[in-house]
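Heavy-atom basis, side chains included; hydrogens, waters and symmetry copies ignored.
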Amino acid sequence: MAAQGRKHVHGKTGVRFKAAYTASKEKSMLRNVVSELIVHGHVTVTSGVKKELVSLADKMVTYAKAGDLASRRQAARVIRHDIVDEKGVQALDKLFAEIGPKFKDRNGGYTTSVKLGARKGDNAELVLIAWVD
């Protein structure tokens with residue numbers, strides 16, 4: 001393969017391939033998905049995302065159960081502010097007003113997951129994640 005010039009730096013011929021998925025993209029995707037889970041009550045993700053999503057959702061519920069200002073600010077660092085439900089309530093407000101008090105007497109295990117089968121395009125296993133009733 002001939003030298004293509006300095007596309008993405010690192011030497012005379014440049015970097016041949018750019019990394020596709022970075023840690024910041026992963027963090028951003030998890031922030032979006034946990035915000036959607038809070039607003040809609042359920043979300044469909046792949047099985048690879050499930051483990052990290054459940055962990056992050058449990059942390060958010062723990063913050064909401066505490067209910068103080070410091071916990072609200074910690075949760076606000078993760079939850080997206082522009083995601084609202086059909087009534088116009090923001091995800092952070094819904095987390096502290098509805099979801100936190102709902103799980104006040106529960107010590108973990110706030111979500112449940114159901115396998116949905118394989119996705120048609122790439123055969124990835126899909127999982128439905130929802131809050132426990």
Side-chain angles (χ1 to χ4, degrees):
M1 189 172 191
Q4 297 178 354
R6 295 180 56 84
K7 287 249 168 120
H8 298 289
V9 219
H10 284 10
K12 185 176 179 183
T13 59
V15 175
R16 296 221 186 265
F17 302 103
K18 186 176 178 187
Y21 212 73
T22 60
S24 61
K25 289 181 184 178
E26 178 81 13
K27 182 180 175 183
S28 181
M29 180 268 304
L30 284 172
R31 290 180 65 194
N32 288 334
V33 174
V34 77
S35 298
E36 291 291 332
L37 176 63
I38 290 168
V39 168
H40 299 295
H42 59 86
V43 67
T44 303
V45 294
T46 60
S47 59
V49 174
K50 173 196 168 238
K51 185 177 179 182
E52 296 177 42
L53 173 62
V54 169
S55 174
L56 187 60
D58 286 351
K59 285 180 187 176
M60 294 302 109
V61 173
T62 303
Y63 288 145
K65 285 171 58 175
D68 58 345
L69 181 60
S71 298
R72 191 175 188 92
R73 287 179 176 165
Q74 288 285 346
R77 293 174 58 193
V78 176
I79 304 298
R80 296 282 187 197
H81 302 290
D82 54 348
I83 297 179
V84 296
D85 65 357
E86 59 275 354
K87 299 175 187 172
V89 179
Q90 288 186 348
L92 187 66
D93 295 334
K94 185 169 184 175
L95 176 67
F96 278 82
E98 296 176 24
I99 297 171
K102 177 180 169 183
F103 295 121
K104 199 67 172 171
D105 298 326
R106 191 175 182 96
N107 294 325
Y110 308 115
T111 58
T112 185
S113 60
V114 178
K115 291 183 180 178
L116 298 177
R119 187 162 52 194
K120 187 170 184 176
D122 59 357
N123 207 30
E125 185 179 349
L126 292 178
V127 179
L128 176 75
I129 309 234
W131 297 116
V132 174
D133 289 331

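A heavy-atom distance below 4.5 Å is not found between the side chains of His42 and Trp131.
Across all their heavy atoms, Ala75 and Leu92 have their closest contact at CB-CD1, 3.8 Å. Contact detail for Leu37 and Ala130: the closest heavy-atom pair is CD1-CA, 4.3 Å. When every heavy atom of Ile83 is checked against every heavy atom of Val39, the shortest pair comes out as CG2-CG2, 3.7 Å. Residues Ile79 and Val34 come closest through the heavy atom pair CD1-CG1, 4.2 Å.
Note that NZ of Lys115 and CD of Glu125 are 4.5 Å apart. Values are rounded to the nearest 0.5 Å. If you take CD on Glu36 and CZ on Arg31, they are separated by 13.0 Å, rounding to the nearest 0.5 Å.
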Practice item. Determine, step by step, whether Asp68 and Ser71 satisfy the side-chain hydrogen bond (donor to acceptor under 3.5 Å, both in side chains) criterion, reporting the C-alpha distance in whole Å, the side-chain angles of both residues, the deciding distance to 0.1 Å, and the verdict. Key: CA-CA 5 Å; Asp68 58 345; Ser71 298; 2.5 Å; yes
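There is a path of hydrophobic side-chain contacts, each under 4.5 Å, that joins Leu30 to Ile99. In the hydrophobic clustering of ILVMFWY residues, with side-chain heavy atoms under 4.5 Å counting as a link, Met29 and Val78 come out together.
Within a 6.0 Å radius of CG in Asp105, other residues, nucleotides and ligands contribute 12 heavy atoms or fewer. Counting non-hydrogen atoms of other residues, nucleotides and ligands closer than 6.0 Å to CG of Asp122 gives a total above 12.
Not a single salt bridge (Lys or Arg N to Asp or Glu O under 4.0 Å) links Arg80 to another residue, sequence neighbours left out.
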Donor-acceptor contacts, no H, no angles, side chain residues 44-67, under 3.5 Å, sequence neighbours left out:
residue: Thr62; atom: OG1; partner: Asp58; partner atom: O; Å: 2.8
residue: Lys65; atom: NZ; partner: Arg106; partner atom: O; Å: 2.5
residue: Lys65; atom: NZ; partner: Tyr110; partner atom: OH; Å: 3.1

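Between Asp93 and Arg72 there is a salt bridge, with a side-chain nitrogen of the basic residue lying less than 4.0 Å from a carboxylate oxygen of the acidic one.
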